[in-house]
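To start, the structure itself, in structure tokens.
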Amino acid sequence: PWAIGKRADGSLAAADPSQYLAGYHTDIPRLLKGGVGAQFWSVYVSAASSSAFDKKLRQIALVEEMVAANPDHLAPATTANEIRTIREQGRIACLLGAEGGHSIEESLDKLRALYDRGVRYMTLTHSDTLSWADSATDEERHGGLTDYGREIVGEMNRIGMMVDISHVSAGTMRDALDATRAPLIASHSSAFGLAAHPRNVPDDIISRVADNAGVVMVNFYPPFIVPQLAARSLEVFEEGRRLLAELGDEQAVDDALADRWDDVAFKGDVGTVVDHIEYIARLSGVDHVGLGSDFDGVDLLPEGLEDVTCYPNITAEMLRRGWEEADVRKVLGENVLRVMTAVEKAASRGGAPTL
């Protein structure tokens, strides 16, 4: 949705996902080719945006329009059981994930409104620190979550929305684990122990996510999986933040940094991603790792994972390394379905623990 909004002004006529979309990572023909059975569509707006909540609703409407226009292949889903039923029908289950708690504009009513529109996870922050939570890529002002941040986590538990700790600081990760009464996720973060980027999850938190019965979903973005690119990407990010403050236009920033990765010799490959999967599995067990590609949200991808047709390459590499089929299936989706089920049950019990 973000890519279509940015490149096609949110028009499905201009960027029809039922057809091959050149320059995108995702469309329906390629989802089918890649064997994708369920997809979280990220409804994202920039942390620098005004009227973030209203813009988020327009992103949701775009996904709803896309799904309604393609009923033979897509169907909306909000529960784990619905995902399984849709997959049995041979269609792709379409879910919503809200990136960045800035979009609720400090309002629990708006959080509940997103849930009512179908959103089933919210990333607590995006790139900027909020009044109630520290971001991984901004100044840490609170040491993690504030009391109101913990109240937001509690409300997410109560209504049945997964708490997502990607993009947040390590302190916010720890506070969210302390506050939550249901399993949580890191929807698109890799292992800090292999690539020291603040967007990744440190070893102690990976272990705590396992204790929480949650899942860390590995991001494919090369700066998050290749250690040599991690430090450089932070420099690029800071330059982008400086340019945004100066130019006030995200497209102008992208244009100014268009050649940022042109000289990268090694951007990782399928094996690099599986290295992160295996690293997290060693620390947490195979029940607590999944896939969080970040397709259509990144400007660089590893070799062999250029778009959504490439998911089978991960399966092949894991089998080549000796993984059992049942454990591969956990990584490909069963682990997230288990978390969704637990979050749903916790909500039905008023947020009581169901670990």
Side-chain angles (χ1 to χ4, degrees), residues 1-6 40-60 62-63 96-107 110-111 113-115 119-142 144-146 148-149 152-153 156 161-173 175-176 184-190 192 197-201 216-217 219-221 223-224 233-234 236-245 248-251 253-254 257 292-299:
W2 173 82
I4 291 173
K6 179 180 178 183
F40 272 104
W41 300 98
S42 173
V43 288
Y44 159 79
V45 296
S46 168
S49 296
S50 59
S51 304
F53 178 74
D54 290 341
K55 290 176 181 176
K56 186 81 73 181
L57 294 181
R58 289 199 288 273
Q59 290 270 286
I60 292 171
L62 179 65
V63 176
L96 298 171
E99 272 205 69
H102 60 283
S103 60
I104 65 170
E105 298 174 343
E106 302 186 1
S107 166
K110 290 180 178 179
L111 173 68
L114 291 181
Y115 179 87
V119 170
R120 288 301 178 265
Y121 79 74
M122 185 176 75
T123 319
L124 297 180
T125 73
H126 196 257
S127 57
D128 292 1
T129 288
L130 306 178
S131 65
W132 51 271
D134 288 333
S135 169
T137 50
D138 197 4
E139 178 187 1
E140 296 185 27
R141 301 202 306 264
H142 316 295
L145 288 174
T146 66
Y148 188 56
I152 289 170
V153 168
M156 293 173 73
M161 185 185 290
M162 288 185 289
V163 176
D164 177 19
I165 58 171
S166 287
H167 279 286
V168 306
S169 70
T172 301
M173 293 179 188
D175 284 352
L184 50 66
I185 62 170
S187 66
H188 56 304
S189 296
S190 301
F192 187 89
H197 194 290
R199 274 282 284 100
N200 288 339
V201 185
V216 175
M217 301 164 70
N219 191 317
F220 301 174
Y221 189 42
F224 300 165
S233 74
L234 290 173
V236 172
F237 180 85
E238 287 305 318
E239 176 65 7
R241 189 189 289 275
R242 184 189 67 77
L243 287 171
L244 184 60
D249 182 272
E250 290 186 336
Q251 187 57 56
V253 173
D254 285 346
L257 297 176
S293 65
D294 222 348
F295 283 134
D296 284 303
V298 295
D299 55 6

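Quick caveat, the model's predicted, so the values are computed rather than measured. Sequence positions, counted from 1, serve as the residue numbers for this chain.
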[Y] side chain reached by [X] side chain, heavy atoms, under 4.5 Å:
{"X": "T129", "Y": "S169", "result": "no"}
{"X": "M122", "Y": "I104", "result": "yes"}
{"X": "E140", "Y": "T172", "result": "no"}
{"X": "M217", "Y": "D164", "result": "no"}
{"X": "D299", "Y": "Y221", "result": "yes"}
{"X": "F237", "Y": "S127", "result": "yes"}
{"X": "D138", "Y": "R241", "result": "yes"}
{"X": "H167", "Y": "L124", "result": "no"}

Run the numbers on K6 and D296 for salt bridge (charged side-chain N to carboxylate O under 4.0 Å, His left out), then give the verdict.
-> CA-CA 11 Å; K6 179 180 178 183; D296 284 303; over 6 Å; no
Is there a donor-acceptor pair closer than 3.5 Å between any side-chain N or O of Y148 and the backbone N or O of E106?
-> yes
Please check if the side chain of R120 supplies one atom and the backbone of G97 the other of a donor-acceptor pair under 3.5 Å.
-> no
Please report the shortest heavy-atom distance between [X] and [Y], naming the atom on each side.
{"X": "A176", "Y": "V153", "result": "O-CG1, 4.4 Å"}
{"X": "I60", "Y": "L114", "result": "CD1-CD2, 3.9 Å"}
{"X": "N200", "Y": "F224", "result": "ND2-O, 2.8 Å"}
{"X": "A52", "Y": "S103", "result": "CB-CA, 3.9 Å"}
{"X": "P1", "Y": "V63", "result": "CG-CG2, 3.4 Å"}
{"X": "M161", "Y": "V119", "result": "CE-O, 3.6 Å"}

[X] [atom1] to [Y] [atom2] distance, which is reported to the nearest 0.5 Å:
{"X": "W132", "Y": "T125", "atom1": "CH2", "atom2": "OG1", "result": "7.5 Å"}
{"X": "L234", "Y": "R199", "atom1": "CG", "atom2": "CZ", "result": "11.0 Å"}
{"X": "D128", "Y": "H102", "atom1": "CG", "atom2": "NE2", "result": "8.0 Å"}

Of K56, K55, K110, the one forming a salt bridge (Lys or Arg N to Asp or Glu O under 4.0 Å) with E105 is K110
ring-ring contact (aromatic ring centres under 6.0 Å, His included) with F40: which residues, sequence neighbours excluded?
-> Y121
Test N219 against S190 for side chain to side chain contact (heavy atoms under 4.5 Å, CB included), laying out the working first.
-> CA-CA 5 Å; N219 191 317; S190 301; 3.7 Å; yes
Side chains of S42 and E99: is there a donor and an acceptor less than 3.5 Å apart?
-> yes
Once the angle between the rings of H126 and Y44 is folded into 0 to 90°, is it parallel (under 30°), tilted (30 to 60°) or perpendicular (over 60°)?
->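 Aromatic pair H126/Y44 classed tilted.
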